[in-house]
Amino acid sequence: MIGKIIHRKTKNSISVLLMILLLFCSIASAAPNNEIPEKVYTGTGDAQTVLNNLDYLDVKNSNTWAKEAIYETGALDIMKGYGNKQFGRTDSISKEQAIAIAYRIVGREADAQMAGEVLDNVRREDEKKTNALSLWSDGYLQLAANEGLITPQDLNDAFTPDQTTLESGAFNRGAAAQRQEMAYWVAMTLGLQPVYGQQEVFNSYND
């Protein structure tokens with residue numbers, strides 16, 4: 001008899017315990033989740049396009065020391081190929097390409113596109129750019145002039161329709177960029193300040 005009473009009490013205790021657990025779980029699931037994830041990763045819808053653009057035949061079929069850097073800057077949308085599976089590995093970088101790279105490093109491509117569209121909107125119908133590459137390039141050059149990377153006269157030279165008519169020393173947008181120009185433009189877009197304490201070290205270049 002006593003054993004039956006103890007058994008009944010044990011069953012009742014287990015039932016009460018289960019009810020408490022179910023009630024607790026219901027409250028916990030109904031409570032708002034205010035946890036903030038440490039990192040959130042967002043995928044890109046044009047991943048395949050990016051991969052196709054990085055399929056440079058003149059890079060993957062070579063033993064160039066720059067292969068990894070070329071793919072990395074391509075994936076970051078800093079440097080781009082010609083669109084025909086050619087990166088142009090051995091080609092010089094033109095002045096307008098160098099300025100574009102400097103602005104892409106700091107994520108300003110959208111600003112350049114908008115500047116290019118504004119320029120094109122005020123042109124006469126017969127002067128509007130039909131080549132998308134020329135349009136975006138105009139935007140980068142306009143940004144560069146607005147922000148002091150190039151002078152207003154440089155911009156006028158760059159917008160001269162026939163670049164072959166420019167005088168010596170003029171800003172030819174298609175001419176090869178100098179190393180010192182590239183360094184200056186990148187430093188300007190990054191907002192780097194001179195480190196005057198290192199002048200003796202940096203001024204040791206003979207040229």
Side-chain angles (χ1 to χ4, degrees), residues 42 44-59 70-192:
T42 304
T44 176
D46 59 352
Q48 190 57 52
T49 301
V50 173
L51 291 174
N52 290 339
N53 289 340
L54 294 178
D55 189 23
Y56 304 129
L57 298 179
D58 58 340
V59 175
I70 290 171
Y71 287 135
E72 187 171 348
T73 55
L76 293 171
D77 215 19
I78 294 173
M79 296 191 72
K80 301 180 180 181
Y82 294 128
N84 57 354
K85 291 186 178 291
Q86 296 294 316
F87 178 73
R89 184 173 57 85
T90 59
D91 295 347
S92 299
I93 293 178
S94 68
K95 294 180 186 293
E96 63 182 355
Q97 289 171 337
I99 288 174
I101 290 169
Y103 274 113
R104 286 185 195 137
I105 289 173
V106 292
R108 302 276 310 273
E109 185 167 12
D111 293 340
Q113 289 176 346
M114 290 178 60
E117 291 171 4
V118 169
L119 284 170
D120 211 47
N121 287 337
V122 299
R123 291 185 175 118
R124 297 198 315 261
E125 197 62 36
D126 60 327
E127 294 178 339
K128 290 185 181 296
K129 295 291 183 75
T130 56
N131 188 320
L133 293 179
S134 296
L135 182 60
W136 67 251
S137 181
D138 284 354
Y140 284 113
L141 291 167
Q142 184 64 63
L143 276 185
N146 293 346
E147 299 176 2
L149 277 69
I150 61 175
T151 67
Q153 183 57 53
D154 290 338
L155 185 65
N156 287 334
D157 292 343
F159 284 171
T160 299
D162 187 357
Q163 295 283 286
T164 62
T165 63
L166 294 174
E167 297 180 0
S168 176
F171 188 94
N172 187 320
R173 63 195 294 171
Q178 298 175 342
R179 285 167 58 91
Q180 64 181 11
E181 290 176 322
M182 186 76 229
Y184 176 71
W185 293 331
V186 170
M188 288 288 286
T189 56
L190 290 174
L192 300 181

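Qualifying side-chain contact (heavy atoms from CB on, under 4.5 Å) partners for Q86, counting only residues two or more places apart in sequence or in other chains: L57, D58, Y82, N84. For the side-chain contact (heavy atoms from CB on, under 4.5 Å) test, residues two or more places apart in sequence or in another chain that qualify with M188 are L149, Y184. Scanning for side-chain contact (heavy atoms from CB on, under 4.5 Å) contacts around T90 gives an empty result, with sequence neighbours left out. Every residue was checked against the salt bridge (charged side-chain N to carboxylate O under 4.0 Å, His left out) condition with R89, not counting sequence neighbours, and none meets it.
Between the CG atom of D162 and the CG atom of L166 there is a distance of 8.0 Å, given to the nearest 0.5 Å. Summarising the geometry, atom CG belonging to L54 is positioned 12.5 Å from atom CE belonging to M79; distances are rounded to the nearest 0.5 Å. With values rounded to the nearest 0.5 angstrom, D138 atom CG is found 11.5 Å from L143 atom CG. Atom CG of L141 and atom OH of Y103 lie 9.5 Å apart (nearest 0.5 Å). Interatomic distance, CD of Q97 versus CG of D91, reported as 8.5 Å (0.5 Å rounding). Between atom CD1 of residue I99 and atom CD1 of residue I93 there is a gap of 12.0 Å, rounded to the nearest 0.5 Å.
A salt bridge is defined here as a Lys NZ or Arg NE, NH1 or NH2 lying under 4.0 Å from an Asp or Glu carboxylate O, and D154 with R173 fails to meet this definition. Under a 4.0 Å N-O distance rule, the pair K95/D157 does not qualify as a salt bridge.
Sorted by first and then second residue, the pairs that involve residues 137-182 and meet ring pair (Phe, Tyr, Trp, His ring centres under 6.0 Å), not counting sequence neighbours, are W136-Y140.
Formation of a donor-acceptor pair under 3.5 Å by the E147 side chain with backbone atoms of A144 is not found in this model. Put simply, the side chain of T189 gets close to the backbone of A102: a donor and an acceptor are under 3.5 Å apart.
Here the shortest heavy-atom pairing between S92 and A176 reads CB-CB, 4.0 Å. Of all the heavy atoms in L155 and A145, the pair that sits closest is CD2-CB, 3.7 Å. Heavy atoms only, all atoms of each residue included: G81 and Y56 are closest at N-OH, 3.4 Å.
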Result block: side-chain N/O donor-acceptor pairs under 3.5 angstrom for residues 109-119, not counting sequence neighbours:
from, atom 1, to, atom 2, distance (Å)
E109, OE2, K80, NZ, 2.8
D111, OD2, R108, NE, 2.5

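Counting only N and O atoms by type, the side chains of Q142 and N146 include a donor and acceptor under 3.5 Å apart.
Here the side chains of I101 and M182 are in contact, with some heavy-atom distance below 4.5 Å.
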